[in-house]
Protein chains: 2
Amino acid sequence: MAAVKPLSIGQVATRAGIGVETIRFYERAGLIPLPARKASGYRQYDESTVSRLRFIRRAKDLGFTLKEIATLLSLRHDASTTARDVKDEAERKIAEIDGKIRSLRRIRRALQQLAETCPGHGPTSECPILEALERHDRASTEE
Amino acid sequence: MAAVKPLSIGQVATRAGIGVETIRFYERAGLIPLPARKASGYRQYDESTVSRLRFIRRAKDLGFTLKEIATLLSLRHDASTTARDVKDEAERKIAEIDGKIRSLRRIRRALQQLAETCPGHGPTSECPILEALERHDRASTEE
DNA sequence: TTTGACTCTGGAGTAAGGTACGGGGTGTAG
DNA sequence: CTACACCCCGTACCTTACTCCAGAGTCAAA
């Protein structure tokens, strides 16, 4: 087995497709282990860190927050964790996404209805969108 | 016409269903006009501010950012604006929401697929979710 | 050896939308 | 007149996920 050639932070950044500053940020955030250091203080990484950073990137793309990713990472190497735990986390996230989608749809519907009833010409005083936003404004003489 | 009894910031807050601090924040943000002051420095509002704050709250509920709300508010009282301008803004927002929904659905699909293929029991080493996140990790001996 | 690219640290800044706090002064009911 | 709730201001702090900076040291190729 050949000794593994250590990687600099810049090399890791390039391989993981991420910025150098971001790696240091993740280190502070506890998402990646503290790396070995050369006498000069330079960080030394191996490929496993590249993997881990890619893991983080993909999880982020799936909408996980860094906090959730930290959980996922800890689940990953805890021997007492089962696939069930990971699946639960994924399903929780799916439910959360569903909630967001529902909420956006509701908003969309409301906005759509307003836009549909708006003639799209004439003064703002006849715009149902503004009217709706002003609804219940009784005592108002407007500013 | 009877003189309108001025409202304190707390009364306005209660009526608009919003916090006192938030009102001061909106004032700094330029979303509401600078109010009159009593000799003591106390802010004095009238009902129109309550209306305006409710407008802001509803627009916020529809997913508009404070910046967009500022635009909406300025459109509202600019005589040269037409209903068209407001409608455009609403439609732009709808398109933006559609983009968000599409993005969330894409994420959801990916996550769902992973969760479906996960047996939900056994060690994490057989969890396809983690596997997917680790994909392309060739040289990795795992940390 | 020189040069240029890279790395180190700690701290500040960004966006959004507030929330909280401390140390005062004020308004008003009883 | 005394409580006590309310208001003032400025500033700091919160969350998320970075991003940038200065000033200094280091590494590697030519």
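Just the heavy atoms: all of them, side chains too, but no hydrogens, waters or symmetry mates, feed the values below. Proteins get letters first, then strands, A, B, ... in listed order; numbering begins at 1 in each. What you see is a predicted model; the values in this text were computed from it and never measured.
In terms of position on DNA chain C, the residue among B:Leu66 and B:Ala39 whose nearest nucleotide sits closer to the 5' end is B:Leu66. Nearest-nucleotide positions on DNA chain D place A:Ile56 closer to the 5' end than the other of A:Lys38 and A:Ile56. Mapping B:Thr65 and A:Arg43 onto DNA chain C by nearest heavy atom places A:Arg43 closer to the 5' end of the strand.
When the P atom of C:dA15 is taken as reference, atom CD of B:Glu68 falls 16 Å away, rounded to whole Å. Per the geometry, CD1 belonging to A:Ile23 stands 14 Å off C1' belonging to C:dC8, to the nearest Å. At whole-Å resolution of the value, CZ in B:Arg28 and P in C:dA15 are 16 Å apart. Across the protein-nucleic acid pair, B:Phe25 atom CZ and C:dA20 atom P stand 14 Å apart, rounded to whole Å. In this structure, CG of A:Leu7 is placed 15 Å from P of C:dC6, rounded to the nearest angstrom. As rounded to whole Å, 8 Å separates atom P of C:dG17 from atom CD1 of B:Ile69.
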Run A:Lys87 and B:His121 through side chain to side chain contact (heavy atoms under 4.5 Å, CB included) and show every step you take.
CA-CA 9 Å; A:Lys87 189 172 185 174; B:His121 54 75; over 6 Å; no
For a side chain to side chain contact (heavy atoms under 4.5 Å, CB included) check, start with the C-alpha distance between A:Tyr26 and A:Leu66, then their side-chain angles and the critical distance, and finish with the verdict.
CA-CA 9 Å; A:Tyr26 285 166; A:Leu66 294 188; 3.8 Å; yes
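Hydrophobic cluster membership is shared by B:Val12 and B:Val20, with clusters built from Ile, Leu, Val, Met, Phe, Trp and Tyr side chains linked at under 4.5 angstrom. Under the 4.5 Å side-chain heavy-atom criterion for grouping Ile, Leu, Val, Met, Phe, Trp and Tyr, B:Tyr42 is not connected to B:Phe25 through any hydrophobic cluster.
Pairing each heavy atom of B:Glu126 with each of B:Pro128, the nearest pair is O-CD, 3.3 Å. Contact between A:Thr81 and B:Thr124 at its shortest, heavy atoms only, is O-CG2, 3.5 Å. Taking every heavy atom of both residues into account, B:Leu31 and B:Leu73 meet most closely at O-CD1, 3.7 Å.
Cation-pi geometry between A:Arg76 and A:Phe55 is met: under 6.0 angstrom from the ring centre, within 45 degrees of the axis.
B:Tyr26 has no side-chain polar atom (N or O) that falls below the 4.0 Å cut-off from OP1 or OP2 of C:dG17. An OP1 or OP2 oxygen of C:dA16 is reached within less than 4.0 angstrom by no side-chain nitrogen or oxygen of B:Lys60. The phosphate of C:dT9 (OP1 or OP2) has a side-chain N or O of A:Arg37 nearer than 4.0 angstrom. Residue B:Thr22 places none of its side-chain N or O atoms closer than 4.0 Å to OP1 or OP2 of C:dG17.
Just one of A:Arg52, A:Lys5, A:Arg15 meets the salt bridge (charged side-chain N to carboxylate O under 4.0 Å, His left out) condition when paired with A:Glu47; it is A:Arg15.
Put simply, chain B comes within 4.0 Å of DNA chain D, heavy atom to any atom, from D:dC6 to D:dC9, going 5' to 3'.
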Produce the list of close N/O pairs, under 3.5 Å, pairing protein atoms with atoms of nucleotides 21-25 of chain C; give distances to one decimal.
residue, atom, partner, partner atom, Å
C:dC21, N4, B:Glu21, OE2, 3.3
C:dG25, N2, B:Tyr42, OH, 2.5

